[in-house]
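So the structure is just underneath, and the comments pick up after that.
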Amino acid sequence: MKQLLMGNEAIARGAVEAGIDVATAYPGTPSSEVFMALAKMAPEHGFYAEYSANEKVALEVAAGAAYAGARSIVSMKQVGLNVAADPLMSLAYIGVKGGLVLVVADDPGPHSSQTEQDTRKFGQFAKLPVFNPGTPQEAKDMTLAAFETSEKLGLPVILRPTTRTCHVCQDVEVGEVRKSKKVIRFEKDPKWVIMPKLSYLKHQELNVKYLKAAEMFETSPFNESLIRGNQGIITTGVSYNYVMEALEILGENLSVLKIGTYPIPEKMVTNFLKQMDTVLVVEEQEPVLEDEVIKLAWKNNLRVDISGKHNNDVPREGELDTDKVMAIIRKFLGLPEETVSPVSPPELPLRPPTLCAGCPHRASFYVFKKAVRKMDAIFTGDIGCYTLGNAPPLEALDTCLCMGAGVTQAQGLKRVEPERKLVAFIGDSTFFHTGIPGLINAVYNQTDITVVILDNRTTAMTGFQPHPGLPQTAMGTKEEAIDLEVLVKACGVRNVYKADPYDLEQAQKIAARALEDNGPSVVIMKRECVHLVRPSIRYEVETDKCNNCGVCYKTFGCPALFKEDDGVKIMDDCNGCSVCSQICPSGAIKPVRHS
Amino acid sequence: MVLASRIIAQTAMKNGWQVRTSEIHGMAQRGGAVTSHVRIGKNLFGALIPNGAADILLGFELAETVRGLEKLKAGGKIIANSAKVVPVSVTMGKTKYPDQEILQYLKKQPYDLTLVDAHSLALKAGHYKAVNMVLLGVLAAQKLPFAGDGLLSTALELLPAKLHEVNVKAFYLGKQTGEGYYGHSAAIS
Ligand code: SF4
Ligand code: SF4
């Protein structure tokens, strides 16, 4: 039977067909829908699913289950793997009993990430097998194969889709769902306790397993060789699609070797190289495959010309597509470059992403910008929707590095520029992720910073997932939630305040107070993301009262506010937050019922 | 828009075609430009449409339609919303939105152009968010590899019941426009 599935949904489907027992994740684009789909299926198929506080926690929970022989899947984005790197490296040594598949979604482009890092490199670093799917169908099939491989080798296995697999929909052939019938029981054994002496032995074991994996992959259906003459292309993942399509459009019949697994099947690749005079390696991101191909050619004394990233024929940054690959193949074959007829449309308006109309973060930034007006202040930022606070007209964020770094970088800045005010912004989900240790550090070292927790009651940027601060889990509801205020106080912060960003006057007073404190202070700005509530009112400009001063759109910048020649208009997407009406000096903005 | 591409793909799939769509998630969705590709056929490879290879361009916003033109093949069909969504960068005076120039440019291109004020038609149907369905309605009136009304039934399967009425209205207002009941000039307004 066929179903229209997004790549991420296909991975979830694969996991359910593999009979998983535990699924964990911390959301991150482009990986988020893997777990969203799993959480939805969990009750029906009887496995456990949780959003973990961060990726390290997610991997450790999944590993615990796998020690007992359960099958577990954990998903995150490439940057999340940095957070989980610590357990991953050791877990490779210790190994697993039940299958453990780690889905790490890479983001060439990047479309929504801080880096373009290549998880295949991480796989090599940790010496773990990596499956590299190029389509949703392959993503589903590889998920099943990854579980088999994991159990056969007793190793965690990485499934590494990229954005164009994750967010592509395809008609996918689905199979039977397997109910987990395994005996799940943790057997006590010294082999689960990593000690230096054991670690040396385990390292030897791991090296053997890595070679074993390469050998197993010689017969993997995900590696495919198509011989059509002595000029060939070696490719992997989504690049394979672009290569095949480009060859079809160009009408060229080159040999193609598709590699879907790492470590690569050395015999198969060597065999391909032996039949070629020239080879082009096409892959996104790092020259992982290319390096392996060069190594094999050298080792086997093969006189084959290899082009790719090392001679700059294939770009090392950004995403590929059929058009780019077509140009690369043209060059490889010495075909004349295609001349494109110039089309010159009028200059189009820029459309950078912005905070939504009525977003509470915009109001929070506005409040703090006002509060520091007469001060020399730095605003450190973090990862989430609120990173967009850096855009005009707010221009409120001065830094953004990685999850949790806003809180800690503020402390470093404060140490070297003690005369400046340091305000760190962090979202609720991010605070639970890696904000807490940073806050504890500020308390312990008595660093005078103000931390603003933008509590919008969700993880908005990745698709509105719950987190430990909400009375809601991935699998259903619960009673208890962790109270941010109590938690912050328990971290040792004495000056803790709460404010509603929609109430400008009160919020401004609180912001000013917090900035006066000595030592660390925390302001919790609490108001739901506009996507969690249905607005019943919207706002309108009374044109006779509006004198077109522009304060509302010039200083606040809500995208629903729109300047026309004859004055300011408010568009249908107004979410009724009321902030613009509080800002308007002429009292020209009034509420009306939503139609 | 992501929903619209799913509706098209799902309908094609029901009719026995292979499909691929490519969606955009994350950062770009917060008011940024979003492009979604839908491919329908046999022996498909990638989900991304090469430049100059698309048969139909559905433009949900005037300026974004022009941004998508490079994907369209010569003589291809454009269904474009004439309503504009003005980005904050324009309100702030950082860039311009030359709507008249954009319109003129669109009309001069060697494509088969249908301009629709989908925003007004959506409001007429009952909600400004029904723009998607208006444009799918216009699309349904074109020659497609499946019956156009299939788009509506797929949409209704995917949408909650309370939204059905508005969406059905929006779809048929779009379809009538696509069939030329209103003619181009009346639809542009
Ligand atoms: S009330 Fe004003 S600021 Fe709030 S969403 Fe509506 S237009 Fe934007
Ligand atoms: S999704 Fe929510 S938190 Fe994110 S920008 Fe929009 S309103 Fe703000």
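Below, each value reflects all heavy atoms present in this structure, side chains not excepted, and no hydrogens, waters or symmetry copies. Every chain is numbered from 1, with letters handed out A, B, ... down the list of sequences.
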Heavy-atom pairs under 4.5 Å with chain A - which of [options] has more of them than the others?
options: N43(B), V86(B), L106(B); value: V86(B)
options: G46(B), P50(B), P98(B); value: P50(B)
options: V90(B), I49(B), I102(B); value: I102(B)
options: K94(B), R6(B), Q10(B); value: R6(B)
options: V85(B), L69(B), V38(B); value: V85(B)

Can you tell which part of [X] gets under 4.5 Å to a heavy atom of chain B, answering side chain, backbone, both or neither?
X: I249(A); value: side chain
X: Q3(A); value: backbone
X: P352(A); value: both
X: Y242(A); value: side chain
X: M326(A); value: neither

Part of [X] within contact of chain A (heavy atom distance under 4.5 Å):
X: V88(B); answer: side chain
X: H119(B); answer: side chain
X: Q100(B); answer: neither
X: T95(B); answer: side chain
X: R39(B); answer: side chain
X: S89(B); answer: side chain
X: K108(B); answer: neither

With rounding to the nearest 0.5 angstrom, report the [atom1] to [atom2] distance, [X] to [Y].
X: L48(B); Y: N241(A); atom1: CG; atom2: CG; value: 9.0 Å
X: T21(B); Y: Q170(A); atom1: OG1; atom2: CD; value: 10.0 Å
X: M6(A); Y: S22(B); atom1: CE; atom2: OG; value: 10.0 Å
X: E70(B); Y: D323(A); atom1: CD; atom2: CG; value: 7.5 Å
X: R351(A); Y: E64(B); atom1: CZ; atom2: CD; value: 4.0 Å
X: L44(B); Y: M244(A); atom1: CG; atom2: CE; value: 13.0 Å

Flag side-chain contact, heavy atom, 4.5 Å: M461(A) against R30(B):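 Side-chain contact under 4.5 Å: yes.
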Looking only at non-hydrogen atoms, find the nearest pair between [X] and [Y] and report the distance.
X: L4(A); Y: A9(B); answer: CD2-CB, 3.9 Å
X: P349(A); Y: Y97(B); answer: CG-CD1, 3.6 Å
X: S344(A); Y: Y105(B); answer: O-CE1, 3.6 Å

D572(A) side chain to Y128(B) backbone, donor-acceptor under 3.5 Å: no
side-chain contact (heavy atoms from CB on, under 4.5 Å) against E248(A), all qualifying residues, sequence neighbours excluded: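 If we apply the side-chain contact (heavy atoms from CB on, under 4.5 Å) test to E248(A), skipping adjacent residues, the hits are F45(B).
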Top of V168(A), T322(A), D171(A) for chain B proximity - count of heavy-atom pairs under 4.5 angstrom: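 With the most close heavy-atom pairs to chain B, the winner is D171(A).
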Basic-acidic side-chain contact under 4.0 Å: E245(A), R20(B): no
Neighbour count above 12 (heavy atom, 6.0 Å) for E347(A) CD: no
Residues of residues 148-167 of chain B near chain A, each having a heavy atom less than 4.5 Å away: none
